[in-house]
**Q** 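Below: one structure in structure tokens.
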Amino acid sequence: KAGVTQTPRYLIKTRGQQVTLSCSPISGHRSVSWYQQTPGQGLQFLFEYFSETQRNKGNFPGRFSGRQFSNSRSEMNVSTLELGDSALYLCASSLTLEWPVEQYFGPGTRLTVT
Amino acid sequence: AQSVTQLDSHVSVSEGTPVLLRCNYSSSYSPSLFWYVQHPNKGLQLLLKYTSAATLVKGINGFEAEFKKSETSFHLTKPSAHMSDAAEYFCVVSDLGTGGYNKLIFGAGTRLAVHP
């Protein structure tokens with residue numbers, strides 16, 4: 001079974017631009033979570049989607065948004081990019097919502113903002 | 001609120017010697033704990049998980065971890081390090097938040113170096 005895939009793998013943007021990242025979960029997984037990884041802040045939770053509904057959101061500004069489609073694929077969008085948004089963005093999928101959830105991670109998208 | 005503290009930011013061992021990566025957690029109820037590994041330029045891979053069954057948990061690649069409630073610890077060990085074990089390791093607690101939300105809370109990570 002194919003793992004979690006994320007596209008693109010690398011991205012370079014300029015301050016003020018917006019960006020959209022894509023995540024395809026493992027087949028059959030309906031929950032998708034997004035995380036931001038930076039050297040200074042480590043891994044931080046962005047949001048979680050299940051059946052096209054955002055269930056939980058981390059402490060990030062409104063410039064960060066996401067959505068999930070009926071086929072469980074998810075996108076996250078960052079508008080008005082800032083230098084501090086440079087990070088590795090990781091997507092994870094899980095089969096169920098039953099706690100504790102076991103999440104499977106994709107390789108990430110490396111975003112560089114110049 | 002739950003939290004995780006990884007006691008060492010860097011650990012260096014020689015190939016063939018034991019590995020010990022230390023993790024303490026804080027939880028108001030019985031936690032669920034994980035160890036993930038991240039190789040350079042890769043995503044995170046689940047090594048093992050504890051979910052209130054056996055306190056000694058065996059994972060992939062010869063790793064294991066022991067849950068000690070009295071010490072609030074979940075240390076990761078491996079009897080003999082291999083060069084391919086060089087990576088960053090994250091101790092993670094699964095938080096069951098209000099409304100039944102699942103959220104992973106990550107430790108700061110421990111970078112493991114393995115020398116020949």
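Chain A is the first sequence line, chain B the second, and so forth, proteins listed ahead of strands; every chain is numbered from 1.
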**Q** Does A/I12 have more than 12 heavy atoms from other residues, nucleotides or ligands lying within 6.0 Å of its CD1?
**A**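 No - once you tally the heavy atoms of other residues, nucleotides and ligands closer than 6.0 Å, there are 12 at most.
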**Q** At a 4.5 Å cut-off on heavy atoms, which part of B/L46 comes close to chain A: side chain, backbone, both, or neither?
**A** side chain
**Q** Need one label for B/Q38: side chain, backbone, both or neither, based on atoms under 4.5 Å from any heavy atom in chain A.
**A**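 Looking at B/Q38, just its side chain touches chain A.
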**Q** Hey, mind stepping through A/Y104 and B/Q45 against side-chain contact (heavy atoms from CB on, under 4.5 Å) and telling me if it holds?
**A** CA-CA 7 Å; A/Y104 296 86; B/Q45 180 183 20; over 6 Å; no
**Q** Side-chain heavy atoms nearer than 4.5 Å, only ILVMFWY residues, links allowed to pass through others: does that put B/V37 and B/F34 together?
**A** no
**Q** Is there a path from A/F60 to A/F45 through hydrophobic residues (I, L, V, M, F, W, Y) whose side chains come within less than 4.5 Å of each other?
**A**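 They do not share one cluster, since no chain of ILVMFWY contacts under 4.5 Å joins A/F60 to A/F45.
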**Q** Rounded to the nearest 0.5 Å, how far does OG of B/S94 lie from CD of A/Q103?
**A** 7.5 Å
**Q** What part of B/K42 is in contact with chain A, defined as an atom under 4.5 angstrom from a non-hydrogen atom: side chain, backbone, both or neither?
**A**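 B/K42 touches chain A through backbone heavy atoms alone.
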**Q** In terms of hydrophobic clustering (I, L, V, M, F, W, Y; side-chain heavy atoms under 4.5 Å; direct or indirect links), are A/V19 and A/L83 co-clustered?
**A**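 Same hydrophobic cluster.
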**Q** Shorter than 4.5 Å, heavy atoms on both sides: which option in A/S94, A/P107, A/C91, A/G42 has the most such pairs with chain B?
**A** A/P107
**Q** What about B/Y36 and B/V57, same hydrophobic cluster or not, with Ile/Leu/Val/Met/Phe/Trp/Tyr joined at side-chain heavy-atom distances under 4.5 Å?
**A** no
**Q** Do B/F106 and A/Y35 have ring centres separated by under 6.0 Å?
**A** yes
**Q** Return yes when atom CZ of A/R63 has more than 12 non-hydrogen atoms of other residues, nucleotides or ligands closer than 6.0 Å, and no otherwise.
**A** yes
**Q** With a 4.5 angstrom heavy-atom cut-off, is it the side chain or the backbone of A/Q37 that approaches chain B, or both, or neither?
**A** side chain
**Q** Taking B/V4 as the starting point, is it possible to reach B/F63 by hopping between hydrophobic residues whose side chains are less than 4.5 Å apart?
**A** yes
**Q** Please determine which of B/V92, B/L44, B/L104 meets the side-chain contact (heavy atoms from CB on, under 4.5 Å) test together with A/L43.
**A**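 Among B/V92, B/L44, B/L104, the one that satisfies the side-chain contact (heavy atoms from CB on, under 4.5 Å) with A/L43 is B/L44.
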